[in-house]
Novice: 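First the structure, which I've put down as structure tokens, then a few questions once you've had a look.
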Amino acid sequence: PSVFTVAAIAQATGSAVEDLLDLGSRSPTTTAPAKKRSKTGVTFVYLDINGTVVRFGFHKAFTELAQAAQMSIDMVETFFWRHYDPINCGQMTMEEFNAAFGKDLGIEGFDWNQYYFSNVEPIPGMKELVEWVAANYEVGILTNSMPGSIDALRQKGLIPEAQYAAVVDSSKIGLIKPDPRIYEKA
């Protein structure tokens, strides 16, 4: 039908021409609202993982390891921190970390992830906070992490889903906080 016929049908039925032509479903999509700028100029928010987005029970994991290795918690913690910087800087693989830490503990076939993932949990309220921040600001992750841990935490649903504009993983860039260069990379 001609445009005049469609207009006449619309008038006779009390309908909008757009409804008769099904133009409402073809209307341009609205763009996402612009992100905010805080009063102090903040437009981007980086989130840390351990101690911010998730709670990791170091003490509980070290206690379990101390029992398994039959040594003091202080010794377990000392051995852990001995290898912390190299693994988080990507200077060693998880296999190398597990072998070195396991040797220190006297545990064959040691797997740190078994202890880590059984003692990590989301911090209550962080999912909602991350969703709000991501809706209002650009958001990213900036954290000291062991190889593969960010991906594993995301796959397990322990890091809230968001459109992360950047992920600064210390094990991939070879720098750990508080080295100023990691912030420059971010």
Side-chain angles (χ1 to χ4, degrees), residues 25 27-68 73 76-77 80-81 83-90 92-95 97-98 101 110-186:
S25 65
S27 62
T29 57
T30 57
T31 58
K35 299 289 183 168
K36 295 182 179 183
R37 175 180 297 274
S38 75
K39 291 178 184 176
T40 59
V42 173
T43 59
F44 197 104
V45 176
Y46 274 109
L47 303 167
D48 195 359
I49 301 299
N50 287 309
T52 303
V53 175
V54 298
R55 178 180 299 122
F56 170 58
F58 277 103
H59 185 44
K60 186 176 177 197
F62 292 158
T63 300
E64 291 173 8
L65 282 169
Q67 291 171 348
I73 294 171
V76 170
E77 190 170 354
F80 175 82
W81 292 113
H83 305 293
Y84 180 84
D85 286 0
I87 187 67
N88 281 282
C89 281
M92 61 182 1
T93 66
M94 281 306 297
E95 292 77 18
F97 173 82
N98 284 331
F101 194 17
F110 175 73
D111 180 7
W112 169 250
N113 285 335
Q114 172 187 343
Y115 292 91
Y116 177 76
F117 287 111
S118 66
N119 288 290
V120 67
E121 62 187 20
I123 292 178
M126 281 307 295
K127 178 182 182 295
E128 295 80 6
L129 179 61
V130 170
E131 288 171 353
W132 182 88
V133 170
N136 291 285
Y137 298 94
E138 294 294 324
V139 65
I141 295 172
L142 171 63
T143 192
N144 291 344
S145 64
M146 294 184 181
S149 65
I150 293 174
D151 292 338
L153 288 165
R154 290 178 84 176
Q155 290 169 355
K156 293 176 183 294
L158 295 167
I159 295 176
E161 285 299 316
Q163 187 67 37
Y164 295 104
V167 176
V168 182
D169 178 341
S170 66
S171 70
K172 291 182 180 176
I173 65 168
L175 300 166
I176 59 171
K177 299 179 295 169
D179 186 325
R181 295 175 296 168
I182 195 169
Y183 302 106
E184 291 168 5
K185 290 269 186 190

Novice: State, yes or no, whether a side-chain contact exists between F117 and L153 at a heavy-atom distance under 4.5 Å.
Specialist: yes

Novice: Residues in side chain to side chain contact (heavy atoms under 4.5 Å, CB included) with S118, at least two apart?
Specialist: E64

Novice: Once rounded to the nearest 0.5 Å, what's the spacing between atom CG of N136 and atom OG1 of T43?
Specialist: 12.5 Å

Novice: Could you check if a side-chain atom of Y137 sits within less than 4.5 angstrom of a side-chain atom of W132, using non-hydrogen atoms only?
Specialist: yes

Novice: Within a strict 4.5 Å, meaning less than it, do heavy atoms of the I73 and H59 side chains meet?
Specialist: yes

Novice: Checking Y116 against N50: is there a side-chain donor and acceptor pair closer than 3.5 Å?
Specialist: yes

Novice: Give, for atom CD of E77 and atom OG1 of T63, the distance between the pair rounded to the nearest 0.5 Å.
Specialist: 10.0 Å

Novice: Closest approach of S145 and S171, non-hydrogen atoms and distance?
Specialist: O-CB, 3.1 Å

Novice: Once rounded to the nearest 0.5 Å, what's the spacing between atom OG1 of T143 and atom CG of D169?
Specialist: 8.0 Å

Novice: Once the angle between the rings of F101 and H83 is folded into 0 to 90°, is it parallel (under 30°), tilted (30 to 60°) or perpendicular (over 60°)?
Specialist: tilted

Novice: Working to the nearest 0.5 Å, report the span between CZ of R55 and CE of M126.
Specialist: 11.0 Å

Novice: Please give me the minimum heavy-atom distance between F62 and V76, naming the atom from each residue.
Specialist: CD2-CG1, 3.8 Å

Novice: Is V120 close to L158 at the side-chain level, that is, under 4.5 Å between some pair of heavy atoms?
Specialist: yes

Novice: Using side chain to side chain contact (heavy atoms under 4.5 Å, CB included), reason through M94 and N113 one step at a time and then give a plain yes or no.
Specialist: CA-CA 9 Å; M94 281 306 297; N113 285 335; 3.9 Å; yes

Novice: Give the minimum heavy-atom separation between A165 and F44, together with the two atoms involved.
Specialist: CB-CE1, 3.7 Å

Novice: Shortest non-hydrogen contact from T52 to I123?
Specialist: O-CD1, 3.3 Å

Novice: Should we say atom NZ of K177 is surrounded by more than 12 heavy atoms from elsewhere, each under 6.0 Å from it?
Specialist: yes

Novice: Do Y46 and V168 have side-chain heavy atoms sitting under 4.5 Å apart?
Specialist: yes

Novice: Can you check whether I49 reaches I159 side chain to side chain, under 4.5 Å on heavy atoms?
Specialist: yes

Novice: Heavy atoms only: give me the nearest V139-Q163 pair and the separation to one decimal.
Specialist: CG1-O, 3.8 Å

Novice: Taking side chain as C-beta onward, heavy atoms only, is V167 less than 4.5 Å from I150?
Specialist: yes

Novice: Testing D85, L175, N88, I87 for side chain to side chain contact (heavy atoms under 4.5 Å, CB included) with S170, which one passes?
Specialist: N88

Novice: Test side chain to side chain contact (heavy atoms under 4.5 Å, CB included) on V53 and D48; report intermediate values, then the result.
Specialist: CA-CA 7 Å; V53 175; D48 195 359; over 6 Å; no

Novice: Can F80 and F58 be said to form a ring pair (Phe, Tyr, Trp, His ring centres under 6.0 Å), step by step?
Specialist: CA-CA 10 Å; F80 175 82; F58 277 103; 5.8 Å; yes

Novice: So P86 and M92, do their side chains get closer than 4.5 Å, heavy atoms only?
Specialist: yes

Novice: Working to the nearest 0.5 Å, report the span between CH2 of W112 and OG of S149.
Specialist: 11.0 Å

Novice: Among all residues two or more places apart in sequence or in another chain, which pass the salt bridge (charged side-chain N to carboxylate O under 4.0 Å, His left out) test with R154?
Specialist: none

Novice: Of the non-hydrogen atoms in Y183 and P178, which two are nearest, and what is the gap between them?
Specialist: CE1-O, 3.8 Å

